[in-house]
Amino acid sequence: MLLELTPDELLSTTRAVRKRLDLERPVAREVIEDCLRLAQQAPTAGYSQNWHFVVVADPEKRAALGELWRSVAGPYLERRPAPDRQVRRIGDAVRHLMAHIHEVPVHVIPCVAGRTEDKPAPLQASRWASIIPAAWSFMLAARARGLGTCWTTFHLVHEREAAELIGIPYDEVMQAALIPVAYTIGTEFRPGRRKPLDTIVHWDAW
Ligand SMILES: Cc1cc2nc3c(=O)[nH]c(=O)nc-3n(C[C@H](O)[C@H](O)[C@H](O)COP(=O)(O)O)c2cc1C
């Protein structure tokens with residue numbers, strides 16, 4: 001079932017959801033597949049379609065991935081100063097997700113074929129951009145269906161261990177993120193706070 005959201009509402013209310021993930025409600029395989037079919041409409045460099053999505057629903061594998069995630073998130077939270085309320089709020093949310101990451105019913109790991117370590121920057125940019133738009137489309141499609149997601153990269157510090165755990169061929173495939181997916185508790189989300197447009201937009205010259 002789709003939420004009643006205009007395209008602009010969808011684009012402005014697809015938040016990083018950490019505290020409002022419903023850990024009890026199962027997520028059907030078909031819903032994930034619908035979102036992934038939409039994700040496949042995203043662009044890839046040279047029509048390569050060299051993307052892969054690993055969907056992890058198995059509780060033991062989620063627990064093991066959760067351990068890797070936590071081993072990076074914990075020290076990150078300790079290191080990070082919390083100068084203002086907004087940063088403290090995000091820290092609290094990350095701490096909450098850290099405690100529950102293994103309970104989130106589905107983890108989605110977007111991947112792209114072809115490692116780019118030591119490759120020139122234009123090639124790196126093309127490779128990453130062949131998976132990131134698709135992954136964001138997946139997250140938008142999920143939001144449209146009442147699901148919450150959060151782009152996370154903590155586990156990538158242990159990408160090789162994660163690859164071994166799930167059987168991803170590490171030498172040939174790069175992982176871009178780990179996206180926890182669950183129904184949200186309530187479906188109302190507000191636009192996030194962002195810098196004024198004129199501080200980031202440069203017309204005709206920087
Ligand atoms: C490249 C990238 C890496 C991120 N890594 C993490 C992460 O490891 N853990 C996490 O909880 N959130 C992570 N985030 C989520 C961001 O903190 C979040 O998208 C941002 O704060 C926007 O939040 P909002 O949707 O509430 O405005 C990451 C986001 C991006 C784009």
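Order of listing sets the numbers, starting from 1, for every ligand and every atom in it. Bear in mind that the values here come from a model prediction, so they are computed numbers and not experimental data.
- With salt bridges taken as basic N to acidic carboxylate O contacts below 4.0 Å, one links Arg37 and Asp34.
- Checked by atom type and distance alone, the side chain of Arg18 never pairs as donor or acceptor with a backbone atom of Cys150 at under 3.5 Å.
- Close approach of ligand 1 to Val94 is summarised as follows: ligand atoms under 4.0 Å from at least one heavy atom of the residue are 11 (O).
- Both the backbone and the side chain of Thr152 come within 4.0 Å of ligand 1, counting heavy atoms alone.
- Judged by distance alone, the side chain of Thr152 and the main-chain N or O of Phe154 form no donor-acceptor pair under 3.5 Å.
- The proximity of Ala177 to ligand 1, defined as any non-hydrogen pair under 4.0 Å, does not occur for either the backbone or the side chain.
- Side chain of Arg15 to main chain of Arg190: a donor-acceptor pair is present (N/O by atom type, distance under 3.5 Å, no hydrogens or angles).
- Taking atom 18 (C) of ligand 1 as the reference point, the nearest protein heavy-atom neighbour is Ala16 CB, 3.8 Å.
- Tyr183 does not carry Arg145 over the face of its six-membered ring by the limits of under 6.0 Å from the centre and within 45° of the normal.
- In this structure, atom 6 (C) of ligand 1 lies nearest to the protein heavy atom Trp151 O, 3.3 Å.
- At a 3.5 angstrom cut-off on N or O pairs, Phe154 counts as close to ligand 1.
- Using the six-membered ring where Trp is involved, Phe138 and Phe53 have ring planes that are tilted, between 30° and 60° apart.
- An N or O contact shorter than 3.5 Å links Arg18 to ligand 1 by distance.
- With hydrogens left out, the protein atom closest to atom 24 (P) of ligand 1 is Arg15 NE, 3.4 Å, a heavy atom.
- In terms of N/O distances under 3.5 Å, ligand 1 is not approached by Thr14.
- Look at Arg115 and Glu159 and you find a salt bridge, because one of the NZ, NE, NH1 or NH2 atoms lies within 4.0 Å of a carboxylate O, short of that distance.
- Ligand 1 has no nitrogen or oxygen under 3.5 angstrom from a nitrogen or oxygen of Ile90.
- Looking only at distances, a side-chain donor or acceptor of Arg62 sits under 3.5 Å from a matching main-chain atom of Ala57.
- Among the atoms of Thr153, some N or O lies under 3.5 angstrom from an N or O of ligand 1.
- Within the 4.0 angstrom cut-off, atom 20 (C) of ligand 1 has no protein heavy-atom neighbours.
- In this pair, Trp206 and His202 present their aromatic rings parallel. The plane angle is below 30°, not in the 30 to 60° band.
- Nearest non-hydrogen protein atom to atom 27 (O) of ligand 1 is Arg194 NH2, 2.9 Å.
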